[in-house]
Each structure stands twice: as C-alpha cells, then as structure tokens.
Amino acid sequence: MRNGPSGRARKIRVLIVDDSAVIRRLLTEVLSRDPGIDVVGAAADPYIARDKIRRLQPDVLTLDVEMPRMDGLTFLEKLMRGHPMPVVMISGLIPKECEVTLRALELGAVNFATKPQVDLLDGMPEAFPEIAEKIREAAHARLRPAPVTLPPHLVAARRPLSADAPAAPRVIAIGASTGGTEAIREILLAMPPDAPGIVIVQHMPERFTRAFAERCDKLCPIRVKEAEDGDRVLPGQALIAPGNYHMRLFRDGRGGYRVRLDQDPHVNRHRPSVDVLFHSTAAAAGANAVGVILTGMGADGAHGLRAMRQAGARTIAEHEASCVVYGMPKEAIALGAADYVLPLPKIAGALLDLAEPAVSAGRHGNDHRRDDDAMDV
C-alpha cells in the first residue's frame with residue numbers, strides 16, 4: 001500500500017491493459033483478492049488505456065505484450081516519453097514474446113510476469129502471488145531513463161574464444177533482480193574485450209535468460225551466453241545463470257574456474273539464487289573475486305556478498321540513488337557486506353579497478369573511497 005494525503009496507507013491503483021477479455025477478467029478477479037491492490041479499470045487497447053490513465057490516475061499499469069491497433073512496445077515508448085509510470089509487462093514464454101518483453105524493459109518497464117501457458121482458468125490463480133508481488137514492487141520502484149548504447153563497432157573488436165583460451169585469474173560475480181536487466185546491460189556494455197571472466201545471476205524465468213544473454217551478446221564488447229553445466233570462466237566472457245537453475249563456481253584444476261548448474265531447492269524463494277552463486281564464489285575464488293549486488297527486491301545475495309568479503313574479495317553494492325528497487329543492496333549494506341556503495345554509472349569502472357589492482361591507477365585513476373557519490377563502508 002501507499003500513503004494517502006491523510007498519511008494512512010491506501011491501496012495501489014492498477015489499470016489492466018490487455019486485448020483478451022478473458023485475461024482482463026481473470027487478472028481483475030485475482031488481483032482484487034489482494035487487500036493492498038485496487039483494480040481501478042481495464043482497457044482492451046492502448047487508445048482506451050490512454051484515456052483511462054488520464055481519468056483514473058493509476059499507480060501501476062499491467063500491459064500485454066501483443067496489442068491491437070497499437071503494439072505494446074509502441075504504446076510503452078509513447079507512455080514513458082509523455083506520461084512515465086510504473087509498468088509490469090504480462091508476457092508469454094514463446095521466443096518472440098521473450099524478445100519483446102526484454103525490449104520493454106529497455107524502454108522503461110519495471111518488470112514482467114508470465115501468463116499461464118496451458119489452462120488460464122486454473123493457472124491464473126496460481127500465478128497471482130507473483131503478479132501481485134511485482135505490482136507492489138513496481139508501485140515503489142524508481143523509473144530509470146533510457147540507457148545509452150555504445151557504438152556497434154566495439155562488438156566487432158572482441159577476441160575469439162577457444163577451448164584452449166587462458167583461464168580467468170580473477171572473477172567478477174554479479175547478482176540482481178528487479179531492474180537488473182538494464183543495470184547488467186549497462187555494466188556489460190562498458191566492459192572491454194579483455195575484461196575478467198564474469199558470472200551473473202539475474203532473477204528471471206526459463207527462456208528469458210537465454211533471450212537476455214543473446215540480446216546482450218549482440219550489443220556488448222564481451223561475449224555473453226547463457227551458462228551450460230561445466231562452462232569455463234574465461235576473460236572477455238560473461239555467463240548468465242539459466243532460469244530455474246542455480247549456478248555455482250568451482251575450481252577446475254587447471255588454474256581457472258568453471259560453473260556447475262543444478263536444480264537444488266530454491267534459496268530465498270529463488271532459483272537461480274544470488275546467494276548460491278556468491279557463497280560458491282567465496283569458497284572457490286576468495287580474494288581473486290569481486291562481487292557486486294545490484295537493484296532488486298528482497299535480500300537474496302546479501303549473506304553471500306558478506307561471505308565473499310570475509311573470504312577476501314572486494315565487494316560493491318549499488319547506491320540507492322540509481323536502484324530501481326533498493327532492497328537487495330540495502331540488505332547487503334546493513335549486513336556489512338559491501339566495501340563500496342556506488343551509483344550504477346561508476347560500477348563498471350570500479351569492477352575493472354578492483355579486479356586488476358596492478359593496473360587500475362593507470363587505466364581508470366579512480367579512488368572509490370573518496371568518490372562523492374560513493375560510501376565506503
């Protein structure tokens with residue numbers, strides 16, 4: 001709930017935008033069960049939605065990926081330009097919808113939830129807790145401006161990777177949730193082709209992690225792929241944990257690291273879990289690792305980041321000022337898990353400095369302890 005003019009909590013006002021009358025009805029029914037949510041209206045297309053936004057003043061919009069008269073992406077782009085507000089995309093799992101949803105996150109949508117793929121009548125009530133939670137997150141989220149994309153010629157400068165490529169002596173471990181796709185994308189765009197090996201957990205369902213990795217790979221100077229069991233951690237490459245699989249780092253006996261995937265029980269309600277990755281990185285890499293926890297709801301990753309710091313790794317938490325949702329970094333800071341607290345635009349440079357201490361002063365000249373936007377904890 002949000003605070004009203006009297007200071008008392010009021011319900012989150014939600015407008016549902018979907019061309020399917022069945023989806024509109026089911027979403028209205030299940031969301032109306034939440035005592036903190038008030039479904040103030042529904043719209044069958046963006047033109048009706050535009051008028052209802054003006055009249056009903058919702059706090060959060062749920063938006064279908066595929067829309068008539070004006071597609072969802074075009075509407076979202078116009079909305080974020082003229083009337084920015086929190087939007088949760090309602091997506092399917094087919095590849096096309098995964099791609100459209102990722103583009104929606106780039107355009108400013110806060111998060112997305114997936115529709116039941118088989119039986120809507122039985123599946124929607126089961127999906128309700130996830131959708132309601134993401135609406136609550138969106139209501140308190142900070143909207144992020146559109147990111148800047150680096151020139152495409154940088155991608156062509158990537159060094160080829162091979163099975164005989166030298167092992168990564170240092171590892172960067174990244175964890176994120178709500179708002180994390182764009183934060184991760186911004187960091188990866190700033191990584192040079194010879195960047196240290198990177199392992200990433202972003203809370204996303206199956207299929208979306210592969211689409212996210214492929215999208216980043218097309219844009220970034222380093223190679224980005226959805227991790228497979230046994231993949232080596234290599235310089236110039238980022239591995240993203242697949243949805244519904246934990247990813248752990250381990251030593252490979254050749255002076256480097258590999259990742260192991262498993263479907264052990266959820267940790268902190270998540271699989272993949274940031275804590276799982278960070279704890280394994282602490283054990284496998286110790287002081288040869290750098291960890292960063294980015295925007296996201298909840299506390300996943302906070303204890304793992306502390307374990308990394310205790311093992312000798314340098315650690316960063318994203319500053320509240322740039323977080324879409326200031327949850328996971330806040331919990332990590334409260335535990336004393338972060339060496340540095342930095343806004344997103346400064347994190348990529350800091351990661352390179354901390355992962356390559358011998359050349360950091362010459363490459364970047366940063367001193368994060370004295371940065372006005374940083375808090376050394």
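Heavy-atom basis, side chains included; hydrogens, waters and symmetry copies ignored. We number each residue from 1, following the sequence as shown.
- Salt-bridge annotation for Arg25 and Glu29: present, with a side-chain N of the basic residue lying under 4.0 Å from a carboxylate O of the acidic one.
- Checked for salt-bridge contact, Glu99 and Arg215 meet the test: a charged N lies under 4.0 Å from a carboxylate O.
- With hydrogens and angles ignored, the 3.5 Å screen pairs no side-chain donor or acceptor of Asp252 with any backbone N or O of Arg258.
- Closest non-hydrogen pair, Tyr257 versus Leu249, comes out as CB-CD1, 3.6 Å.
- Remark: the backbone N or O of Gly180 is not paired with any side-chain donor or acceptor of Thr295 at under 3.5 angstrom.
- The salt bridge (charged side-chain N to carboxylate O under 4.0 Å, His left out) test applied to Lys225 returns Glu228, Asp231, not counting sequence neighbours.
- Within the 4.5 Å cutoff, side-chain heavy atoms of Arg185 are placed close to those of Leu189.
- The main-chain N or O of Gly296 is never found under 3.5 Å from a side-chain atom of Ser177 such that the two would form a donor-acceptor pair.
- Side-chain contact check for Met204 versus Leu102: some heavy-atom pair is nearer than 4.5 Å.
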- Run the side-chain contact (heavy atoms from CB on, under 4.5 Å) check on Arg248 and Val259 step by step: do they pass? CA-CA 5 Å; Arg248 291 177 165 86; Val259 296; over 6 Å; no
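- Rounding to the nearest 0.5 angstrom, the gap separating the CD atom in Gln237 from the CE atom in Met191 is 14.5 Å.
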- Message: For a side-chain contact (heavy atoms from CB on, under 4.5 Å) check, start with the C-alpha distance between Leu143 and Val324, then their side-chain angles and the critical distance, and finish with the verdict.
- Response: CA-CA 6 Å; Leu143 299 182; Val324 173; over 6 Å; no
- Determine, stepwise, if the pair Ile293 / Ile316 fulfils side-chain contact (heavy atoms from CB on, under 4.5 Å). CA-CA 6 Å; Ile293 192 163; Ile316 300 170; over 6 Å; no
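- If you chain together hydrophobic residues whose side chains sit under 4.5 Å apart, Leu76 and Met70 fall into the same group.
- At least one donor-acceptor pair under 3.5 Å links the side chain of Arg251 to the backbone N or O of Ala284.
- Look at Glu137 and Lys134 and you find no salt bridge, because none of the NZ, NE, NH1 or NH2 atoms lies under 4.0 Å from a carboxylate O.
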In residues 48-58, what donor-acceptor pairs under 3.5 Å come from side-chain atoms, sequence neighbours left out?
{"residue": "Lys52", "atom": "NZ", "partner": "Ala42", "partner atom": "O", "Å": "2.6"}
{"residue": "Gln57", "atom": "NE2", "partner": "Ile53", "partner atom": "O", "Å": "3.3"}
{"residue": "Gln57", "atom": "NE2", "partner": "Arg54", "partner atom": "O", "Å": "3.0"}

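- Side chain of Asp300 to backbone of Val274: a donor-acceptor contact under 3.5 angstrom is found.
- Ser322 places a side-chain N or O within 3.5 Å of a backbone atom of Leu344 that can act as its donor or acceptor partner.
- The two residues Met328 and His203 come nearest to each other via the heavy atoms SD-CE1, 4.3 Å.
- Arg170 and Pro196 get closest at one heavy-atom pair: O-CB, 3.8 Å.
- Side-chain contact between Met67 and Phe75: absent, with no pair of heavy atoms (C-beta onward) separated by less than 4.5 Å.
- Summarising the geometry, atom OH belonging to Tyr245 is positioned 4.0 Å from atom CD belonging to Gln263; distances are rounded to the nearest 0.5 Å.
- Between the side chain of His270 and the backbone N or O of Gln202 there is no donor-acceptor pair closer than 3.5 Å.
- Across every non-hydrogen atom of Leu105 and Glu182, the tightest pair is O-CG, 3.5 Å.
- The shortest side-chain heavy-atom distance between Ile222 and Ile198 falls under the 4.5 Å cut-off.
- Tested against Phe112, the residues Val87, Thr101, Leu63, Ile131 include a single side chain to side chain contact (heavy atoms under 4.5 Å, CB included) partner, Thr101.
- By the 4.5 Å heavy-atom criterion applied to side chains, Leu31 and Asp34 are not counted as neighbours.
- For the atom pair Ser273 OG and Met247 CE, the distance stands at 11.5 Å (nearest 0.5 Å).
- Both Ile174 and Leu342 belong to a single network of hydrophobic side chains, linked directly or stepwise wherever heavy atoms of I, L, V, M, F, W or Y lie under 4.5 Å apart.
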- Can you list the steps and then say if Met308 with Leu277 is a side-chain contact (heavy atoms from CB on, under 4.5 Å)? CA-CA 10 Å; Met308 287 184 64; Leu277 175 64; over 6 Å; no
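- Once rounded to the nearest 0.5 Å, the distance linking CD1 of Ile347 with NE2 of His319 reads 10.5 Å.
- Neither Val276 nor Val201 shares a network with the other; the hydrophobic side chains, linked directly or stepwise wherever heavy atoms of I, L, V, M, F, W or Y lie under 4.5 Å apart, form separate groups for each.
- For the residue pair Tyr340 and Arg314, a side-chain donor N or O sits within less than 3.5 Å of a side-chain acceptor on the partner.
- Across every non-hydrogen atom of Ile187 and Ala348, the tightest pair is O-CB, 4.1 Å.
- Note that the OG atom of Ser91 and the CG atom of Asp64 stand 8.5 Å from one another [nearest 0.5 Å].
- Around atom CZ of Arg210, no more than 12 heavy atoms belonging to other residues, nucleotides or ligands sit under 6.0 Å away.
- Nearest heavy atoms, Leu352 versus Pro192: CD1-CD, 3.7 Å.
- Inter-residue side-chain proximity for Cys323 and Pro329 is flagged as met; some heavy-atom pair is nearer than 4.5 Å.
- Counting only distance, with no hydrogens or angles, the side chain of Arg136 and the backbone of Gly36 share no donor-acceptor pair below 3.5 Å.
- At distances below 3.5 Å, at least one donor-acceptor pair connects side-chain atoms of Thr209 with backbone N or O atoms of Gly243.
- Heavy-atom neighbours of Arg13 CZ from other residues, nucleotides or ligands within 6.0 Å: above the threshold of 12.
- By the 4.5 Å heavy-atom criterion applied to side chains, Val65 and Ile90 are not counted as neighbours.
- Val30 and Ile12 end up in the same hydrophobic cluster when Ile, Leu, Val, Met, Phe, Trp and Tyr side chains are linked at under 4.5 Å.
- Hydrophobic clustering of Ile, Leu, Val, Met, Phe, Trp and Tyr side chains at less than 4.5 Å, counting indirect connections, keeps Phe250 apart from Val233.
- Under a 3.5 Å cut-off, the side chain of Arg271 and the backbone N or O of Asn244 do form a donor-acceptor pair.
- Between Ile135 and Thr62 there is a side-chain heavy-atom pair separated by less than 4.5 Å.
- Note that CG of Leu335 is 11.0 Å distant from CZ of Arg309, once rounded to the nearest 0.5 Å.
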